[in-house]
> 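Handing you a structure now.
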Amino acid sequence: MTSTDTSRQTQLNALYTALAAIPAGRVVTYGQLASLAGRPGAARWVGSVLNKLPVDTQLPWHRVVAAGGRIALPALEAQKQCRRLAAEGVPNKGRIDLALYGW
DNA sequence: GTTCTGACCTGAA
DNA sequence: ATTCAGGCCAGAA
């Protein structure tokens with residue numbers, strides 16, 4: 001195996017760890033999560049990973065939002081995410097205040 | 001090998 | 001506030 005493969009796997013693990021480390025009532029942006037995973041600028045990569053994430057995952061994927069507290073998901077999924085966040089103590093109306101609930 | 005696409009980000013008009 | 005363009009990473013065609 002090449003060193004890039006192992007490295008990529010390690011970063012992926014770091015991403016899951018960082019995401020799991022996000023407490024309820026707190027949200028992070030894709031770029032920030034990418035930085036936490038040791039890959040600044042790889043926000044798109046994070047989105048790709050979350051998209052392929054299984055439906056029965058235990059990871060708090062709903063705590064990940066786009067820059068400015070904007071929801072990156074389509075209307076339906078976004079509504080579900082907003083609902084979930086509100087249930088965790090993050091009141092939002094289609095947009096989240098990162099100044100208050102941001103990491 | 002190139003080209004397109006996607007749960008992105010920033011800055012400018 | 002909304003729209004556009006350039007840049008970023010990785011996987012699929």
Side-chain angles (χ1 to χ4, degrees):
Chain A
M1 60 170 122
T2 65
S3 58
T4 51
D5 286 338
T6 52
S7 183
R8 185 170 61 73
Q9 194 65 29
T10 302
Q11 292 153 14
L12 190 65
N13 191 356
L15 175 60
Y16 286 118
T17 304
L19 178 56
I22 304 301
R26 208 67 102 164
V27 296
V28 289
T29 65
Y30 291 88
Q32 197 148 17
L33 189 59
S35 297
L36 290 174
R39 225 61 171 175
R44 220 158 184 164
W45 169 67
V46 175
S48 192
V49 173
L50 294 181
N51 184 24
K52 289 165 189 159
L53 214 57
V55 291
D56 60 346
T57 182
Q58 299 295 317
L59 293 171
W61 61 268
H62 50 275
R63 289 176 199 154
V64 185
V65 296
R70 199 183 78 241
I71 304 297
L73 276 69
L76 268 70
E77 295 294 316
Q79 198 169 18
K80 231 160 166 58
Q81 181 175 14
C82 286
R83 217 166 112 88
R84 234 171 162 173
L85 287 173
E88 288 189 346
V90 182
N92 59 78
K93 206 173 237 149
R95 184 167 262 181
I96 300 167
D97 191 344
L98 291 180
L100 299 177
Y101 304 99
W103 182 248

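Chain letters run A, B, ... following the sequence lines, proteins first, then strands; residues in each count from 1.
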> Side chain to side chain donor-acceptor pair (under 3.5 Å): which pairs involve residues 63-75 of chain A, sequence neighbours left out?
A:Arg63-A:Glu88

> Could you give the side-chain donor-acceptor pairs of residues 95-103 of chain A under 3.5 Å, partners two or more places apart or in another chain?
| unit_1 | atom_1 | unit_2 | atom_2 | d |
| --- | --- | --- | --- | --- |
| A:Asp97 | OD1 | A:Ala99 | N | 3.0 |

> At their closest point, which heavy atom of A:Leu19 faces which heavy atom of A:Pro60, and how far apart are they?
O-CG, 3.3 Å

> Under a 3.5 Å cut-off on both pairing distances, which runs of 3 or more consecutive Watson-Crick or G-U pairs involve DNA chain B?
B:2-6 with C:9-13, B:8-13 with C:2-7

> Which atom names give the shortest non-hydrogen contact between A:Ile71 and A:Cys82, and what distance separates them?
CG1-SG, 4.1 Å

> Can you name the residues that form a side-chain contact (heavy atoms from CB on, under 4.5 Å) with A:Thr57, not counting sequence neighbours?
A:Leu53, A:Pro54, A:Leu59, A:Trp61

> What is the per-nucleotide protein-contact pattern of nucleotides 7-13 of chain B, from the 5' end, where B denotes a base atom under 4.0 Å from a protein heavy atom, S denotes such proximity for sugar-phosphate atoms only, and - denotes neither?
BBSS---

> Which residues in residues 90-103 of chain A have a heavy atom closer than 4.0 Å to any atom of DNA chain B?
none

> Polar atom pairs between nucleotides 4-6 of chain C and protein, under 3.5 Å, N or O only, would you list them?
none

> Considering residues at least two apart in sequence or located in another chain, which fulfil the side-chain contact (heavy atoms from CB on, under 4.5 Å) criterion with A:Ala21?
none

> Among residues at least two apart in sequence or on other chains, which ones pass salt bridge (Lys or Arg N to Asp or Glu O under 4.0 Å) with A:Glu77?
none

> Please, which pairs that meet side chain to side chain donor-acceptor pair (under 3.5 Å) have at least one residue in residues 41-53 of chain A, sequence neighbours excluded?
A:Ser48-A:Lys52

> Only counting residues at least two apart or in another chain, list the ones meeting side-chain contact (heavy atoms from CB on, under 4.5 Å) with A:Ala34.
A:Ala42, A:Val46

